[in-house]
Amino acid sequence: MFKLNKVKVKELLKKVESEYRRDAEIILSYLLKVSPSQIPLMYAREIPEEIVKRFFKQMKERKKGIPTAYVIGEWECMGRVFKVKKGVLVPRPETEILIERTLELIPQDREMVGFELGSGTGCISINLLIERPKLVMYATDVNPDAVELTKENAKLHKVDDRLFVFLGNAFEPVKGMKFDFIVSNPPYIPENFWEILPEEVKKEGYTSLIGGKKGWEFYELIAEEGTKHLKENGFIALEIGHDQGKVVKELLEKKCFKVNIFKDYAGFDRVVIAQRWS
């Protein structure tokens, strides 16, 4: 008779359908408090009965269409763990490119103040703050859950004394303020795509994903308002949809920004850096 308390890692993973193998490894690594990359090195390890029970319970949730990130309640960005919850965008590898490109423009020894439009989990602002100890960030989000999640993650990573998060639409909570830079991964999917999105993706929330009828309405807003909220020689850093490079570049160039576009790991346009002419 198969005994739960004698199950080994390799035996447990063999019981999972192949299409859920990666999810199973991530869930098991979360339960065992190790990195997913360590799982293959632990195949002979016996798993306690309680963890086996929790594993099957969470895999059942995953098979119901709940994203793995929501099943375990956390996800990594830049090698750091962030709490996540349904209705708030899950950090993706593409956003790490945005963070890295933004960091390149923030000197280690300079005091700067940045603004993030649409904080989500807070992974962008928080990673910037961790890497740049003299930086202060302001952030807004229209989703109350996102605001609370950003605050929770800021405390988790001990940067809550340098991150000020407000509930509100776009620039409204920071009206009259000027910043050294603006960073954002705004919603950029056109509204007519909503119905054809995978159900799992939809769980991240309409307001987290849909950017308006065209999909680039937030970039229009940022191009317009950015000039009012940037200090002299400030810059804007944006994540964009794979086919939006040309339109976003034109929007920002009309406002006298010098624009560079950077590609993601698949070779698509993904990050826009717009700097004010000196």
Side-chain angles (χ1 to χ4, degrees), residues 26 30 67-106 111-174 177 179-188 201 203-211 218 221-222 226 229 235-240 270-271:
I26 293 172
Y30 165 74
T68 305
Y70 295 150
V71 171
I72 64 177
E74 63 182 39
W75 208 244
E76 282 194 5
C77 180
M78 300 289 287
R80 299 181 176 105
V81 175
F82 291 82
K83 299 293 183 183
V84 299
K85 66 168 62 173
K86 184 179 178 182
V88 180
L89 197 69
V90 175
R92 288 171 169 78
E94 291 80 5
T95 301
E96 296 187 7
I97 302 171
L98 172 63
I99 295 167
E100 290 166 353
R101 290 295 180 178
T102 304
L103 284 170
E104 290 174 359
L105 298 173
I106 307 173
E111 293 182 358
M112 294 179 70
V113 180
F115 170 66
E116 182 183 3
L117 188 156
S119 66
T121 61
C123 66
I124 295 175
S125 285
I126 292 168
N127 273 305
L128 294 177
L129 289 165
I130 293 170
E131 296 293 333
R132 297 294 184 266
K134 291 193 174 183
L135 176 65
V136 172
M137 291 294 300
Y138 286 77
T140 61
D141 204 295
V142 294
N143 182 350
D145 287 340
V147 171
E148 291 308 309
L149 200 54
T150 295
K151 290 179 179 179
E152 182 181 350
N153 281 320
K155 287 181 180 178
L156 178 68
H157 291 285
K158 298 179 172 57
V159 294
D160 51 305
D161 59 329
R162 292 186 289 126
L163 177 56
F164 303 93
V165 193
F166 302 96
L167 176 64
N169 185 37
F171 293 91
E172 289 176 7
V174 294
M177 295 184 68
F179 304 95
D180 292 292
F181 67 90
I182 295 165
V183 63
S184 183
N185 175 21
Y188 53 68
V201 175
K203 286 179 172 59
E204 295 183 70
Y206 189 93
T207 58
S208 297
L209 299 164
I210 304 303
F218 275 97
L221 173 67
I222 292 168
H229 289 276
F235 69 90
I236 296 174
L238 304 168
E239 183 173 330
I240 61 172
R270 189 60 63 187
V271 170

Angle between ring planes, F171 versus F115, binned at 30° and 60°: parallel, tilted or perpendicular? tilted

Sequence neighbours left out, what pairs pass side-chain hydrogen bond (donor to acceptor under 3.5 Å, both in side chains) with at least one residue falling in residues 141-163? S119-T150

Counting C-beta onward and ignoring hydrogens, is there a side-chain heavy-atom pair between K134 and M112 closer than 4.5 Å? no

Under the side-chain hydrogen bond (donor to acceptor under 3.5 Å, both in side chains) test, which residues partner E204, sequence neighbours left out? R92

Closest approach of L163 to A139 (non-hydrogen atoms, all atoms of both residues): CD1-CB, 4.3 Å

With sequence neighbours left out, which residue pairs that include part of residues 125-149 fulfil the ring pair (Phe, Tyr, Trp, His ring centres under 6.0 Å) condition? Y138-F164, Y138-F179

How many angstroms lie between atom CD1 of I182 and atom OG1 of T102, to the nearest 0.5 angstrom? 12.0 Å

Pairs touching residues 71-90 that satisfy side-chain hydrogen bond (donor to acceptor under 3.5 Å, both in side chains), sequence neighbours left out: R80-N127, R80-E131

Going from CG on L238 to CD1 on I222, what distance comes out if it is rounded to the nearest 0.5 angstrom? 5.0 Å

Determine whether a donor-acceptor pair (N or O, by modelled atom type, separation under 3.5 Å) exists between the side chain of T140 and the backbone of A170. yes

Quick one: CD on E100 to OG1 on T95, what's the gap to the nearest 0.5 Å? 11.0 Å

Under the salt bridge (charged side-chain N to carboxylate O under 4.0 Å, His left out) test, residues paired with R132 that sit two or more places apart: none

Heavy-atom check, side chain of I99 versus side chain of C77, under 4.5 Å: yes

Is there side-chain contact between F235 and D180, with heavy atoms separated by less than 4.5 Å? no

On a heavy-atom basis, which atom in T68 and which in I26 lie closest, and how many Å separate them? CG2-CG2, 3.9 Å

Over all heavy atoms of both residues, which pair between V142 and N169 is shortest? Give the atoms and the distance, please. CG1-CA, 3.5 Å

Give the minimum heavy-atom separation between T121 and L89, together with the two atoms involved. CG2-O, 3.5 Å

Which pair of heavy atoms, one from L98 and one from S184, lies closest together, and at what distance? CD2-O, 3.7 Å

Please walk me through it: do V271 and I240 pass side-chain contact (heavy atoms from CB on, under 4.5 Å)? CA-CA 6 Å; V271 170; I240 61 172; over 6 Å; no

State whether the side chain of S208 and the backbone N or O of G87 hold a donor-acceptor pair below 3.5 Å, judged by distance alone. yes

Residues at least two apart in sequence or cross-chain that pass ring-ring contact (aromatic ring centres under 6.0 Å, His included) with F218, listed by chain then number, are none

How many angstroms lie between atom CD1 of I106 and atom CZ of R101, to the nearest 0.5 angstrom? 14.0 Å

Residues passing the ring-ring contact (aromatic ring centres under 6.0 Å, His included) test with F166, sequence neighbours excluded, are none

Heavy-atom check, side chain of L167 versus side chain of P144, under 4.5 Å: yes

Residues M137 and F181: closest non-hydrogen pair is SD-CZ, 3.5 Å

Interatomic distance, C123 atom SG to M78 atom CE [nearest 0.5 angstrom]: 10.0 Å

The reported gap from OH in Y188 to CG in L209 (rounded to nearest 0.5 angstrom) is 9.0 Å

